[in-house]
2 protein chains.
Amino acid sequence: MLDDLDRNLLEILVKDARTSLKDLASQVGLSSPSVSERLRRLEERGVIRAFTVEIDPLALGYTLQAIVRIRPLPGKLHIVQKLIEEIPEFGECDKVTGDDCFVARLFVRSIGDLDGILDRIADKAETSTAIIKAQPIRRRPPPLDATASRDRAKVLQG
Amino acid sequence: MLDDLDRNLLEILVKDARTSLKDLASQVGLSSPSVSERLRRLEERGVIRAFTVEIDPLALGYTLQAIVRIRPLPGKLHIVQKLIEEIPEFGECDKVTGDDCFVARLFVRSIGDLDGILDRIADKAETSTAIIKAQPIRRRPPPLDATASRDRAKVLQG
DNA sequence: AGATTTCGGTCGAGATCGTCCAGCATTTTA
DNA sequence: TAAAATGCTGGACGATCTCGACCGAAATCT
């Protein structure tokens with residue numbers, strides 16, 4: 001489905017999405033029309049979901065991030081989900097198995113804002129909030145190469 | 001710190017990081033050298049952390065994602081953190097307050113891989129894993145405009 | 001106040017880049 | 001085996017980016 005050249009291109013673009021076609025071409029050893037065509041098809045197939053920019057939340061005044069686990073009260077699941085989606089300070093939300101129905105990331109400018117936002121869902125769901133103290137790993141894609149983790153584990157043991 | 005033009009530029013780039021300077025310029029009403037200079041400074045100041053590409057994990061064979069809460073055993077915190085960082089399938093990890101020390105996102109190709117990876121930290125930490133069933137909100141930046149959430153909340157009530 | 005520096009902007013020219021097209025080699029299909 | 005399809009290259013041309021010269025407003029200095 002993806003060949004080495006595609007993976008190579010993606011790897012470069014993960015580091016800098018504004019790399020010119022010409023540079024991409026010379027780094028992977030193709031001509032720029034070929035690279036252009038490959039990118040077009042990667043987008044078309046949905047492999048590339050978007051070219052985007054990663055912004056430092058601090059620069060926007062968001063001094064605090066929290067992980068919020070959300071357990072809607074009986075019958076409130078849809079309302080709660082809709083509410084979460086509509087609050088732009090939620091920067092990420094996953095619906096998961098287990099007791100906690102949703103796990104979400106919340107950006108806030110202050111502790112006061114945290115309280116204000118959580119109040120808005122407090123009557124429809126139970127929440128547990130954990131303040132983020134540090135980010136050992138910031139968003140990164142999974143390995144692009146085909147090596148399975150177990151293979152590598154073996155190598156590490158051996 | 002950030003003016004309207006900067007925010008405007010960021011908004012456009014969040015949607016498409018490969019927008020040409022010329023297009024950016026015409027959309028915000030500046031010349032392209034000015035836009036170029038603004039982007040340079042936004043990068044320099046660290047407001048723009050990176051231009052990157054969002055890849056569909058499915059296209060890379062990762063059919064499963066999980067949120068893993070990790071509680072290192074006494075004295076194992078640093079070893080565990082290092083281990084997490086070194087496992088590339090962890091696509092995100094936050095160090096948080098509360099009982100769970102780390103909350104991480106794990107990309108795996110199969111349930112078997114999930115087990116294999118968690119085994120590697122099983123003797124150094126307690127983990128709780130929640131499989132992601134859906135993603136109501138995929139990674140998005142917090143609001144770029146200065147409007148505080150509470151202001152909006154008031155408007156909604158009023 | 002008036003002069004000066006700084007800051008951010010425009011414009012235009014030359015350099016660089018992207019896109020289109022024709023042509024070619026390889027692989028797949030009939 | 002012939003035909004069609006695929007994916008690549010190179011070159012030409014139009015679009016884009018970058019650089020330097022210049023400009024005006026606002027802040028700073030005397």
Asker: Just the rounded figure in Å: distance from C1' of C:dG8 to CG of B:Asp4.
Answerer: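 So the CG-C1' distance, B:Asp4 to C:dG8, works out to 16 Å.
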Asker: Do A:Leu106 and A:Leu64 belong together in a cluster built from hydrophobic side chains that touch within less than 4.5 Å?
Answerer: yes
Asker: Could you tell me the separation between the CG atom of B:Asp6 and the P atom of C:dC7, rounded to a whole number of Å?
Answerer: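 Nearest whole value for this atom pair: 16 Å.
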Asker: Do A:Glu92 and B:Gln135 have side-chain heavy atoms sitting under 4.5 Å apart?
Answerer: no
Asker: Return the value, rounded to whole Å, for the distance between atom CD of B:Glu37 and atom P of C:dG9.
Answerer: 8 Å
Asker: Pick out the pairs of N or O atoms, protein on one side and nucleotides 13-19 of chain D on the other, that lie under 3.5 Å.
Answerer:
from: D:dT16; atom 1: OP2; to: B:Lys22; atom 2: NZ; distance (Å): 3.1
from: D:dC17; atom 1: OP1; to: B:Leu21; atom 2: N; distance (Å): 2.8
from: D:dC17; atom 1: OP2; to: B:Leu21; atom 2: N; distance (Å): 3.4
from: D:dC17; atom 1: OP2; to: B:Lys22; atom 2: N; distance (Å): 2.8

Asker: Without decimals, in angstroms, what is the distance between A:Leu39 CG and C:dC17 P?
Answerer: 16 Å
Asker: Which nucleotide wins on minimum distance to the side chain of A:Arg41, given the candidates D:dC8, C:dG9, D:dG7?
Answerer: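 Selected nucleotide (nearest to the side chain): D:dG7.
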Asker: Run B:Glu44 and B:Arg41 through salt bridge (charged side-chain N to carboxylate O under 4.0 Å, His left out) and show every step you take.
Answerer: CA-CA 5 Å; B:Glu44 189 187 57; B:Arg41 293 183 50 199; 5.2 Å; no
Asker: For A:Cys101 versus A:Pro72, what's the shortest heavy-atom pair and its separation?
Answerer: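 For A:Cys101 and A:Pro72, the tightest heavy-atom pair comes out as CB-CD, 3.5 Å.
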Asker: Just to be sure I understand: a Watson-Crick pair is purine N1 to pyrimidine N3 plus N6-O4 or O6-N4, both under 3.5 Å. Using that and G-U wobbles, which stems of three or more pairs involve DNA chain C?
Answerer: C:1-30 with D:1-30
Asker: Could you please spell out the steps behind the salt bridge (charged side-chain N to carboxylate O under 4.0 Å, His left out) verdict for A:Arg69 and B:Asp100?
Answerer: CA-CA 12 Å; A:Arg69 288 157 37 209; B:Asp100 306 312; 3.5 Å; yes
Asker: Does the side chain of A:Glu89 come within less than 4.5 Å of A:Asp113's, by heavy atoms?
Answerer: no
Asker: Using atom CG of A:Asp3 as one end and atom P of C:dT26 as the other, report the distance to the nearest whole Å.
Answerer: 18 Å
Asker: Let me know the distance between CG of A:Leu5 and P of D:dG7, rounded to the nearest Å.
Answerer: 12 Å
Asker: Counting only pairs under 3.5 Å, give me each side-chain donor-acceptor contact of residues 6-23 of chain B, with atom names and distances, residues two or more places apart or in other chains.
Answerer:
from: B:Asp6; atom 1: OD1; to: B:Arg38; atom 2: NH1; distance (Å): 2.9
from: B:Asp6; atom 1: OD2; to: B:Asp3; atom 2: N; distance (Å): 3.4
from: B:Arg7; atom 1: NH1; to: B:Leu2; atom 2: O; distance (Å): 3.3
from: B:Arg7; atom 1: NH2; to: B:Leu2; atom 2: O; distance (Å): 3.2
from: B:Arg7; atom 1: NH2; to: B:Asp4; atom 2: OD1; distance (Å): 3.2
from: B:Asp16; atom 1: OD1; to: B:Arg18; atom 2: N; distance (Å): 2.9
from: B:Arg18; atom 1: NH1; to: A:Ala17; atom 2: O; distance (Å): 2.6
from: B:Arg18; atom 1: NH1; to: A:Thr19; atom 2: O; distance (Å): 2.9
from: B:Arg18; atom 1: NH2; to: A:Thr19; atom 2: O; distance (Å): 3.2
from: B:Thr19; atom 1: OG1; to: B:Asp16; atom 2: O; distance (Å): 2.6
from: B:Ser20; atom 1: OG; to: B:Asp23; atom 2: N; distance (Å): 3.1

Asker: With a sphere of 6.0 Å drawn around NZ of A:Lys124, does it hold more than 12 non-hydrogen atoms of other residues, nucleotides or ligands?
Answerer: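 Enclosed.
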Asker: Classify the nucleic acid contact of A:Arg40 as base, sugar-phosphate or nothing, counting any heavy atom under 4.0 Å across all strands shown.
Answerer: nothing
Asker: Write down the distance between CG (B:Leu30) and C1' (C:dG8), rounded to a whole number of angstrom.
Answerer: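 Rounded to the whole Å, the gap is 10 Å.
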Asker: Indicate the atoms forming the closest heavy-atom contact of B:Phe107 with A:Arg140, along with that distance.
Answerer: CE1-O, 3.9 Å
